[in-house]
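The block underneath contains the structure these notes are about, expressed in C-alpha cells.
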Amino acid sequence: MNNSLSRHAAFVETIPTVFGYLGIAAAFGIIGRASGFSILTVCLMSIIIYAGSAQFTTVSMLAAGSPILSIILATFLINSRMILMSTTLASYFKKDSVGKGIAIGTLLTDESFALGVNKLNYTGDRLTFTWQNTTNTISYLTWVIATAIGAFLGGLITNPQRLGLDFAIVAMFIGLLYLQIISDKKMKQALQMTVVLITMVLTYLCMIILPEQLVILVVTILGCILGMVVKHVFF
C-alpha cells in the first residue's frame with residue numbers, strides 16, 4: 001500500500017483479496033445449485049442479498065422450508081457486525097453526501113473494511129469516497145461473478161472442500177490481519193497481539209455457549225470493550 005487514494009491505487013490494493021472472494025463465492029454458487037436452486041436464483045442471491053457467509057445460511061434455511069421472517073432475522077444477526085464497521089468508517093466521510101455514505105455502507109464487506117483500516121496507516125488517517133467505493137465495487141463485482149461461475153460449474157464440482165475453497169477466505173483474513181499488525185505504527189505490537197489472543201479465546205468460548213449466528217456479533221462487541229480496557233490500563 002501507499003498514500004495514494006486514487007481509483008488505480010484502490011484497484012491494485014484490492015486485487016489480492018479477489019482470490020479469497022473467488023473461492024468462497026464459487027463455493028456458494030456450487031452449494032446453491034446443489035441445494036436445488038436455479039442458476040438465476042443463486043446469482044440473484046449474491047446480487048441482492050450480498051451477505052457473504054449469511055448467504056450459506058439463507059440457502060440452507062430456504063431449502064429446509066424455514067419461514068421468511070426467520071431467514072431475515074438470521075441473516076441480520078450474522079451480518080449485524082456491519083453496523084459497527086460502517087459506524088467506524090463513517091467518521092472519515094463526514095464531508096461526503098448522505099447518498100455516498102449509504103453507497104459505502106451498502107457494499108462494505110469485512111475485507112474492504114480491513115483494507116480501509118490498513119489504508120489509514122499510509123494516508124495519515126484519511127480515506128476518500130473514490131478509494132473506498134472502488135474497493136467496495138471491485139469486491140461486489142468479484143463476488144457476483146464468482147458466484148455465477150460456481151453456479152455454472154455446480155454440476156461438475158460436487159465437493160468444493162476437496163479443493164480447499166472453504167479455506168480461501170480464512171487465509172485471506174490471516175493475511176489482512178498480518179498486514180494490519182505490521183503496518184499500524186500507532187499501537188504497540190504487544191497490544192495488538194494481546195487483543196488478537198483475547199479475540200481468539202472469546203471466539204472459542206462463545207462457540208461453545210452461543211448460537212452460531214450470534215458468535216461474531218458478541219465477540220466483536222466484547223473484543224472492542226476488552227481491547228479498550230487493556231489499552232488504557234496496561235499500555
Side-chain angles (χ1 to χ4, degrees), residues 1-26 28 46-47 49-53 55 79 81-150 165 167-189 191-193 195-196 199 216 220 224 227:
M1 283 189 171
N2 53 44
N3 61 0
S4 174
L5 289 166
S6 64
R7 286 190 178 87
H8 179 265
F11 177 81
V12 172
E13 291 160 357
T14 307
I15 288 301
T17 68
V18 165
F19 297 101
Y21 287 118
L22 289 175
I24 197 69
F28 169 72
S46 283
I47 293 172
I49 301 176
Y50 189 49
S53 58
Q55 289 181 213
N79 269 40
R81 67 190 183 281
M82 293 301 170
I83 299 175
L84 299 175
M85 294 181 183
S86 297
T87 302
T88 300
L89 289 186
S91 60
Y92 299 100
F93 301 98
K94 292 180 179 179
K95 296 182 179 179
D96 293 299
S97 66
V98 175
K100 288 184 177 180
I102 292 174
I104 290 175
T106 300
L107 296 182
L108 188 68
T109 66
D110 297 297
E111 296 81 5
S112 61
F113 172 80
L115 285 172
V117 172
N118 278 330
K119 188 68 173 179
L120 293 171
N121 298 314
Y122 298 87
T123 61
D125 284 337
R126 290 187 307 111
L127 285 178
T128 63
F129 173 78
T130 297
W131 186 91
Q132 190 66 54
N133 186 59
T134 300
T135 297
N136 287 351
T137 302
I138 293 173
S139 302
Y140 176 67
L141 293 176
T142 302
W143 181 268
V144 173
I145 292 172
T147 296
I149 293 173
L165 296 180
F167 187 73
I169 200 165
V170 177
M172 178 177 61
F173 276 122
I174 293 174
L176 290 172
L177 176 62
Y178 171 75
L179 291 175
Q180 172 64 19
I181 291 175
I182 65 172
S183 62
D184 191 344
K185 306 302 180 183
K186 294 177 293 184
M187 295 186 185
K188 296 180 179 180
Q189 288 192 359
L191 170 59
Q192 296 185 63
M193 293 305 299
V195 175
V196 170
T199 303
I216 296 178
T220 299
C224 290

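Small disclaimer: the values here were computed from a predicted structure and weren't measured. Heavy-atom basis, side chains included; hydrogens, waters and symmetry copies ignored.
Expressed to the nearest 0.5 Å, how far NZ of Lys100 lies from CZ of Phe93 amounts to 10.5 Å. Considering CD1 of Ile104 and OG1 of Thr137, their distance stands at 9.5 Å, rounded to 0.5 Å. Summarising the geometry, atom CG belonging to Leu141 is positioned 11.0 Å from atom OH belonging to Tyr21; distances are rounded to the nearest 0.5 Å. From Ile83, atom CD1 reaches atom OG1 of Thr220 across 11.5 Å, with rounding to the nearest 0.5 Å. Taken from CG in Leu84 to CG in Leu89, the straight-line distance is 11.5 Å, to the nearest 0.5 Å. Interatomic distance, Thr147 OG1 to Ile47 CD1, rounded to the nearest 0.5 Å: 8.5 Å.
Looking at Leu5 and Lys119, their side chains come closer than 4.5 Å, going by heavy atoms from C-beta outward. Between Met82 and Phe113, the closest side-chain pair of non-hydrogen atoms is not below 4.5 Å. A 4.5 Å side-chain heavy-atom check between Thr109 and Tyr50 finds at least one atom pair inside the cut-off. Side-chain contact check for Asp96 versus Lys94: every heavy-atom pair is 4.5 Å or farther apart. Residues Met85 and Asp110 have side chains in contact (heavy-atom distance under 4.5 Å, counting atoms from C-beta outward). Two residues are said to be in side-chain contact when any heavy atoms from C-beta on lie closer than 4.5 Å; Ser112 and Leu107 fail this criterion.
Here the closest heavy-atom approach between residue Thr135 and residue Ala10 is recorded as OG1-CB, 3.8 Å. Closest non-hydrogen pair, Asn3 versus Arg126, comes out as O-NH2, 4.4 Å. Between Trp131 and Ala9, the closest heavy-atom pair is NE1-C, 4.2 Å. Between Asn2 and Tyr122, the closest heavy-atom pair is O-CB, 3.5 Å. Annotation for Leu127 and Gln132: closest pair CD1-OE1, 3.9 Å, computed over non-hydrogen atoms. Here the shortest heavy-atom pairing between Ser6 and Ser4 reads OG-OG, 3.1 Å.
Thr142 places a side-chain N or O within 3.5 Å of a backbone atom of Ile138 that can act as its donor or acceptor partner.
When only modelled atom types and interatomic distance are considered, Gln55 and Ser46 share a side-chain donor-acceptor pair under 3.5 Å. Checked by atom type, the side-chain pair Thr128/Thr130 shows no donor-acceptor distance below 3.5 Å.
For CE of Met1, the number of neighbouring non-hydrogen atoms (other residues, nucleotides, ligands) closer than 6.0 Å is greater than 12. Within 6.0 Å of the CZ atom in Arg7, the count of heavy atoms belonging to other residues, nucleotides or ligands does not exceed 12.
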